[in-house]
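None of the values given here were measured: they were computed from a predicted structure. Below, all heavy atoms of this structure are taken into account, side chains as well, without hydrogens, waters or symmetry copies.
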Protein chains: 2
Amino acid sequence: MNNTEKARSQMRKGVLEYCILSIIKNNEAYASDILDRLKEAELIVVEGTLYPLLTRLKNDGLLNYRWEESTSGPPRKYYGLTDEGQDFLKELDTAWTELVAAVARTTSSK
Amino acid sequence: MNNTEKARSQMRKGVLEYCILSIIKNNEAYASDILDRLKEAELIVVEGTLYPLLTRLKNDGLLNYRWEESTSGPPRKYYGLTDEGQDFLKELDTAWTELVAAVARTTSSK
DNA sequence: CCCAGTACTTGGCAATGCAAGGTATCATCA
DNA sequence: TGATGATACCTTGCATTGCCAAGTACTGGG
């Protein structure tokens with residue numbers, strides 16, 4: 001992995017949680033859904049990254065899930081935001097907005 | 001540290017290198033300068049984070065430095081960007097812009 | 001009954017910010 | 001002259017967290 005790729009994944013790291021919660025806020029979703037959405041947005045993530053993250057968010061009380069049968073394979077875990085998750089997402093919104101502003105200040109200073 | 005603070009520092013993490021290189025690009029600077037600038041931009045960073053990072057960037061050939069005497073204390077290490085550092089910073093610019101766009105896509109999808 | 005497709009899980013690794021503590025230099029002032 | 005405080009630089013150990021790779025389990029078709 002070269003430096004640029006490293007920097008990119010480092011940047012991605014910071015916003016993954018935020019993006020995943022945002023995606024789930026809009027629609028209940030199971031892991032493969034989420035992976036697809038992230039891929040559409042060009043935020044590549046692999047299974048081994050996503051599943052543990054979903055579990056962590058659930059353990060933190062930000063997500064819950066229900067099982068749903070599938071016609072094409074094993075049942076799926078559909079994740080949704082808890083009330084706490086909604087609140088947390090709002091804070092992340094703020095944090096992200098502020099960060100973008102802070103970076104802009106830094107990179108444009110004379 | 002609560003969840004929000006954790007998330008904030010996680011987000012910050014990804015852009016620190018970028019911000020520091022940007023600051024140095026604009027003016028040669030020594031560590032305390034950089035800390036002040038980051039603070040102005042509301043990107044709080046502590047010494048123990050900055051020094052190892054500067055050393056790493058130097059070892060990667062992105063920064064160089066010269067010693068300069070000070071009238072008020074020990075000599076200072078003034079850091080500047082190498083050519084390679086300039087190139088790398090351009091790539092980070094692109095990476096950051098793309099990330100902001102990707103996050104926007106994710107958080108606004110219906 | 002095996003195989004391919006879909007989902008979910010787990011263990012070890014590497015990167016990196018952070019907290020806390022340490023060393024060195026210089027000016028001031030009793 | 002030697003104690004003090006401010007400035008500056010550096011190091012160590014820790015915790016978090018994404019990544020990679022391999023593994024388990026359920027389903028339907030040939």
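A/E91 and B/R8 are not joined by a salt bridge, as no carboxylate oxygen comes within less than 4.0 angstrom of a charged side-chain nitrogen. Using a cutoff of 4.0 Å between basic side-chain nitrogens and carboxylate oxygens, B/R66 and B/E28 are scored as salt-bridged. Checked for salt-bridge contact, B/E17 and B/R56 meet the test: a charged N lies under 4.0 Å from a carboxylate O.
Summarising the geometry, the separation between CG on A/L35 and C1' on C/dT6 is reported as 12 Å, rounded to the nearest angstrom. If you measure from atom CE of B/M11 to atom P of C/dG17, you get 16 Å, rounded to the nearest angstrom. The separation between A/Y78 atom OH and C/dT6 atom P is 14 Å, rounded to whole Å. In this structure, CZ of A/R76 is placed 8 Å from P of C/dC8, rounded to the nearest angstrom. Atom CZ in B/R66 sits roughly 14 Å away from atom P in D/dA8 (whole-Å rounding).
Between B/V45 and B/L16 the shortest heavy-atom distance is CG2-CD2, 3.5 Å. Minimum interatomic distance between B/A41 and A/T106 (heavy atoms only, all atoms of both residues): CB-OG1, 3.4 Å.
Proximity of A/S32 to the phosphate of C/dT6: no side-chain N or O atom is located under 4.0 Å from OP1 or OP2. Contact between the side-chain N/O atoms of A/Y30 and the OP1/OP2 oxygens of C/dA7 is found at a separation under 4.0 Å.
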Table of protein N/O atoms under 3.5 Å from nucleotides 24-30 of chain D N/O atoms:
none

Identify the pairs formed between an N or O of the protein and an N or O of nucleotides 10-19 of chain D at a distance under 3.5 Å, and give each distance.
| from | atom 1 | to | atom 2 | distance (Å) |
| --- | --- | --- | --- | --- |
| D/dC10 | OP1 | B/K77 | NZ | 2.4 |
| D/dC10 | OP2 | B/K77 | NZ | 3.4 |
| D/dG18 | OP2 | A/R56 | NH1 | 3.4 |
| D/dC19 | OP2 | A/T49 | OG1 | 2.5 |

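More than 12 heavy atoms of other residues, nucleotides or ligands shown are found within 6.0 angstrom of CG on B/N59.
How far CG of A/L63 is from OH of A/Y79: 7.5 Å, rounded to the nearest 0.5 Å.
Every side-chain contact (heavy atoms from CB on, under 4.5 Å) that A/D33 has, sequence neighbours left out, goes to A/A29, A/Y30, A/Y78.
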